[in-house]
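Here the structure is a predicted model, which means the values were calculated and not measured. Each residue takes its place number in the sequence, starting with 1.
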Amino acid sequence: FGSIEVEGRENVPRSGPLLIASNHQSLADPAVLIYAIDRPMWWMAKRSLFKGWFASWFLRQVHVFGVNREKQDLAALAHTQRLLDEGRALLIFPEGTRHPGSLGKGHDGIAYMALRTGVPVIAVAITGTELIPHIWRTPIHFQKLKAVIGEPFTLTQSGRVDRKMLVEMTDRIMRSIAELLPPEYRGAYADDVDESRRRACESA
């Protein structure tokens, strides 16, 4: 796809269960993440992508498993739990769909998993792939791509996991992605990053 710069590769734990949260701009994002993350990853994709024997076979070869996005998919959640119990790295795009050039609002699935399992989370911010809308139609793009990998962190809970906590922890994860992005990419979380940095300056 072009040149790829990676920052923070040393932040990825070499072993043990891990949740990787990344922004999602293009169909090229998984390829960039495979290059950037120096360990095998598994990830979810909508079931409609598994149409046809070749697509189904190929996706499974690269550790993709299907999820029903229309309702709570208990089978997919159980499979996710098994992967983490086996010490795998699980990649999730919390936005749920592509948002080229601007970070969209996150869904709370990854926050639920992180709170339930206590597994560490790392944020990854990708830029440049928004210029590659179709990876198959024009296979040579020559864009300047970049992936920035943050330090691992763990979500902690005080009391019962309720809707309010899920929203707060989802915002925490999404803000960690936004902080790694250039200002023009932060989208729905631009104000959150500015407010967080203002508070940090006041308490310093």
Just how far is it from atom [atom1] of [X] to atom [atom2] of [Y], taken to the nearest 0.5 Å?
X: Lys146; Y: Ser3; atom1: NZ; atom2: OG; value: 11.0 Å
X: Ile92; Y: Met44; atom1: CD1; atom2: CE; value: 5.0 Å
X: Ser26; Y: His99; atom1: OG; atom2: NE2; value: 14.0 Å
X: Leu145; Y: Ile132; atom1: CG; atom2: CD1; value: 5.0 Å
X: Thr127; Y: Glu5; atom1: OG1; atom2: CD; value: 8.5 Å

Counting N and O atoms only, with roles assigned by atom type, does the side chain of [X] sit under 3.5 Å from a partner on the main chain of [Y], one being a donor and the other an acceptor?
X: Gln25; Y: Gly101; result: yes
X: Glu95; Y: His24; result: yes
X: Asn23; Y: Ile126; result: yes

Can Ile37 and Val124 be said to form a side-chain contact (heavy atoms from CB on, under 4.5 Å), step by step?
CA-CA 9 Å; Ile37 304 294; Val124 183; 4.2 Å; yes
In a table with atom names and distances, give each donor-acceptor pair under 3.5 Å that connects a side chain of residues 164-183 to protein atoms at least two apart or in another chain.
unit_1 : atom_1 : unit_2 : atom_2 : d
Thr170 : OG1    : Leu166 : O      : 2.7
Ser176 : OG     : Ile173 : O      : 2.5

Residue pair Val12, Asp38: steps toward the side-chain contact (heavy atoms from CB on, under 4.5 Å) verdict
CA-CA 7 Å; Val12 181; Asp38 193 20; 5.9 Å; no
Sequence neighbours excluded, every pair satisfying salt bridge (Lys or Arg N to Asp or Glu O under 4.0 Å) that has a member inside residues 115-126:
none
What pairs of residues pass the salt bridge (Lys or Arg N to Asp or Glu O under 4.0 Å) test when at least one of them lies in residues 79-89, not counting sequence neighbours?
Glu86-Arg88
May I have the step-by-step check of side-chain contact (heavy atoms from CB on, under 4.5 Å) for Leu18 and Leu90, ending in yes or no?
CA-CA 6 Å; Leu18 181 67; Leu90 182 67; over 6 Å; no
Do [X] and [Y] belong to the same hydrophobic cluster, where Ile, Leu, Val, Met, Phe, Trp and Tyr are linked whenever their side-chain heavy atoms lie under 4.5 Å apart, directly or via other members?
X: Tyr185; Y: Ile4; answer: no
X: Leu155; Y: Ile110; answer: yes
X: Ile122; Y: Val148; answer: no
X: Trp42; Y: Tyr112; answer: yes

Please give me the minimum heavy-atom distance between [X] and [Y], naming the atom from each residue.
X: Pro17; Y: Leu84; answer: CB-O, 3.3 Å
X: Ala188; Y: Gly104; answer: CB-C, 4.2 Å
X: Val121; Y: Ala21; answer: CG1-CB, 4.5 Å
X: Ala28; Y: Thr129; answer: CB-CG2, 4.3 Å

Crowding at CG, Asp191 (>12 non-hydrogen neighbours, <6.0 Å)
no
Tell me, yes or no, whether the heavy-atom count around Glu151 atom CD, taken from other residues, nucleotides or ligands under 6.0 Å, exceeds 12.
no
Report the residues that fulfil ring-ring contact (aromatic ring centres under 6.0 Å, His included) with Tyr189, sequence neighbours left out, ordered by chain and then residue number.
none
Evaluation steps, side-chain contact (heavy atoms from CB on, under 4.5 Å), between Ser22 and Leu33:
CA-CA 9 Å; Ser22 173; Leu33 288 162; 4.0 Å; yes
Taking the six-membered ring of Tyr35, is NZ or CZ of Arg9 closer than 6.0 Å to its centre and within 45° of its axis?
yes
Any non-hydrogen side-chain atom of Met113 less than 4.5 Å from a side-chain atom of Leu19?
yes
Which ILVMFWY residues are connected to Val193, directly or by a chain of links, through side-chain heavy atoms under 4.5 Å apart?
none
ring-ring contact (aromatic ring centres under 6.0 Å, His included) pairs touching residues 146-175, sequence neighbours excluded, are none
